[in-house]
Chemist: 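Structure provided below as structure tokens; questions to follow.
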Amino acid sequence: MEILVCVKRVPDTAENEIEVNSDGTDIDRDDLVYSVNEWDNYAVEEAIQIRDNVGGNVTVVSVGDEESEEVIRREMAMGADQGVLLSDDAFNDSDGKGIASILKAEIEKGKFDLIMTGAQADDGAGQVGGMLAAMLDLPYASLVNTIEITDDKKIKVGREVEGGNIEMNEIELPCVLSIQTGINEPRYVGIRGIRKVASVEIPVHGTSDLGLASDAVGEAGANVKKVDYFIPDTGEGAEILEGSTEEIIDKLVEYLKAKGGIK
Amino acid sequence: MAQIYAYIVHKGGVADDTALELITAAKKIDPDASVSAIVTGSGADLEAVCKDVATTYNEVIKIDNAAITYPNAEIIRGILVNILPGDAVLLLPHDTFGMDLGPGLSIKLESAFVADVVDFEGLDGSNLKIVRQEFSGQVSTHMLCDIGSGAVVNIRPGAFAPDESKSASGEIVDKSSEAGDLAARRTFLETVVAEVGDVDITKSEVLVSIGRGIEDEDNIEIANDLAEALGADVSCSRPIVDSKWLEKSRQVGTSGQTVKPKVYLACGISGSFQHLGGIKGSPFMVAVNKNIKAPIFQVADVGIVEDMLEFLPELTEKINDM
Ligand SMILES: Cc1cc2nc3c(=O)[nH]c(=O)nc-3n(C[C@H](O)[C@H](O)[C@H](O)COP(=O)(O)OP(=O)(O)OC[C@H]3O[C@@H](n4cnc5c(N)ncnc54)[C@H](O)[C@@H]3O)c2cc1C
């Protein structure tokens, strides 16, 4: 099975407080810790497990600046066979459709049976997988949390739907799947793994390598544009209990008694 | 302004709550818009949903076919491409169905796509001003979406108030014959229903709920101790289940359980909409989080800015001493 997984380098929300910069044009990116998008990591783990079970090859591909090379390398240390970085200043400010167009151009250069993305990334849009599938005219399933390889023509996939129920589908290959967390337990990547792939060459493809028209991607090709960032102002907000920990606990206990939290 | 359409999600002959929310969203785009509901499915269930939705929408477009008794997004995409005009603005709920259908549909319609919209701030020419959130609600953004050649817009469930006026008497228009080719390369097999766990958190009056802030599996003991002192049950956010630290039946949220306790203690939980979507009946919510900017503080009644790993044991001790 030839598998391609799309990965993205994102600010790690467990390690950072996300704040808006002073002019509201972006989040404050100074001192941010980055990592591979959580959902993508599950997708790469799944790809590696499938390859180990039925044979084949796993490629990871990322659209981003040169620093995205580090997440490609990390996923290769995890076990992906090769990586490609799609990078060009012309890609800046692409919308979801622009990103999908860039990925499509790379994917069409190869021959893949299975293409995977994470269910969503930092912007919470969850759009690239479905757009890519439609552009490539391949069948698609989102929020996949089980994959069963039946044969080389079709597979069975479970989609996670409301209430934790799973919708089982049969889907023809080649296809595009977006992967939901919980499908597996992504393996730990040790320093030895990272060292092993440290000097592997990662090809970088830009607009001309991919045969893309420059007005099809980036800001020129976007019909959805981000204007600014701001801090949401929703609801009244909680009453923040103040004082020493002891005082806070006393106040909380009163509330819990009043509201039925302590019997 | 182009015609606005709302896709109605339904199950067992009953329209989803989002059926009443999408019309509010549409009116926020354009108060004068005429909004058509699209209802796909088959048989008596479909008929019941169409009649119900007609009390809210002025027009209900019905597509009846046995091939979509189960809403297969691939087939429905093909149908929508056949029946929608090129400049249509289509609203979908940003749920597991809308996420499956929306992005690919926008490509086939050659129109714009925006996911998980929480608000609209008017139209400037052909540019629709949209409010979204990023990083699980930690920051918001304004976006401009050019709807000149149509748009598919996924609306966050619960973000717009339901229109419960039932003031319409819509006409049901049967467009089943315009559905076109219903072949699909993805076929629905069955729904596997989630397992029930040892504790039914949907019945709990008090929940000590833990999120990624618990940091380590061994720390779950801290939550168990507090729950025991309170006579409560332990529930959690999704990452705890993904790590296999607690079973799926303990997960609160849209892809977990819907709970309605009297008191909900959210500890080390950021407050993503998928998590909050599983909490009904507005319980008294206490949030313990070391980050004052965590979105959970915007919805909680009482907030405590502390490290939960230190705070919860002290709270437990106090309660045990009472
Ligand atoms: C289709 C779909 C369905 C989903 N369904 C669900 C669902 O049903 N339920 C669900 O929960 N999620 C669901 N999610 C995931 C959801 O989007 C969030 O990723 C998840 O809820 C985040 O969990 P969290 O709040 O525990 O973790 P995080 O967002 O990582 O938040 C952890 C919080 O803990 C705080 N913290 C860290 N350390 C400490 C400490 N020592 N003391 C105090 N505070 C601390 C941090 O400040 C942070 O606010 C779904 C996602 C998708 C895409």
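FYI, side chains are in, hydrogens and waters are out, and symmetry mates aren't considered; it's all heavy atoms of this structure. In the text below, chain A, chain B and the rest are named by the order of the sequence lines, each starting its count at 1.
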Chemist: Regarding R250(B) and Q257(B), is there a side-chain donor-to-acceptor distance under 3.5 Å anywhere?
Modeler: no

Chemist: Is it the backbone or the side chain of I292(B) that comes under 4.5 Å from a heavy atom of chain A, or both, or neither?
Modeler: side chain

Chemist: Would you say P11(A) and F135(B) make side-chain contact, with heavy atoms under 4.5 Å?
Modeler: yes

Chemist: Checking heavy atoms, do the side chain of I130(B), its backbone, both or neither come under 4.5 Å from chain A?
Modeler: neither

Chemist: Does any heavy atom of chain A fall under 4.5 Å from the side chain of F284(B), the backbone, both, or neither of them?
Modeler: side chain

Chemist: Is a salt bridge present between E219(A) and K226(A), judged by a nitrogen-to-oxygen distance below 4.0 Å?
Modeler: no

Chemist: Going by residue number, which parts of residues 241-259 of chain A are within reach of chain B, meaning a heavy-atom gap below 4.5 Å?
Modeler: L241(A), T245(A), I248(A), I249(A), D250(A), L252(A), V253(A), Y255(A), L256(A), K257(A), K259(A)

Chemist: Against chain A, label R185(B) side chain, backbone, both or neither, depending on which of its atoms sit under 4.5 Å from a heavy atom there.
Modeler: both

Chemist: Measuring heavy-atom distances to chain A, does S270(B) have an atom under 4.5 Å in its side chain, in its backbone, in both, or in neither?
Modeler: neither

Chemist: Determine whether I231(A) and V139(B) make a side-chain contact, defined as any pair of heavy atoms from C-beta on separated by less than 4.5 Å.
Modeler: yes

Chemist: For Y70(B), is it the side chain, the backbone, both or neither that has a heavy atom under 4.5 Å from a heavy atom of chain A?
Modeler: side chain

Chemist: Considering only heavy atoms, which portion of V193(B) lies under 4.5 Å from any heavy atom of chain A: side chain, backbone, both, or neither?
Modeler: both

Chemist: Got a sec, which residues hit salt bridge (charged side-chain N to carboxylate O under 4.0 Å, His left out) with K244(B), two or more places apart in sequence or on another chain?
Modeler: none

Chemist: Any residues in residues 124-133 of chain A near chain B, with a heavy-atom distance under 4.5 Å, and which are they?
Modeler: G124(A), A125(A), G126(A), Q127(A), G130(A), M131(A)

Chemist: Using a strict 4.0 Å threshold on nitrogen-to-oxygen distance, state whether D137(A) and K108(B) make a salt bridge.
Modeler: yes

Chemist: Taking side chain as everything from C-beta outward and backbone as N, CA, C, O, which of these in M285(B) sits under 4.5 Å from a heavy atom of chain A? Side chain, backbone, both or neither.
Modeler: neither

Chemist: For chain B, find its close neighbours in residues 31-45 of chain A: heavy-atom separation under 4.5 Å, sorted by number, or none.
Modeler: E38(A), Y42(A)

Chemist: Quick one: what part of V131(B) sits under 4.5 Å from any heavy atom of chain A, side chain, backbone, both or neither?
Modeler: side chain

Chemist: Relative to chain A, which of V263(B), D116(B), I107(B) shows the most heavy atom pairs under 4.5 Å?
Modeler: I107(B)

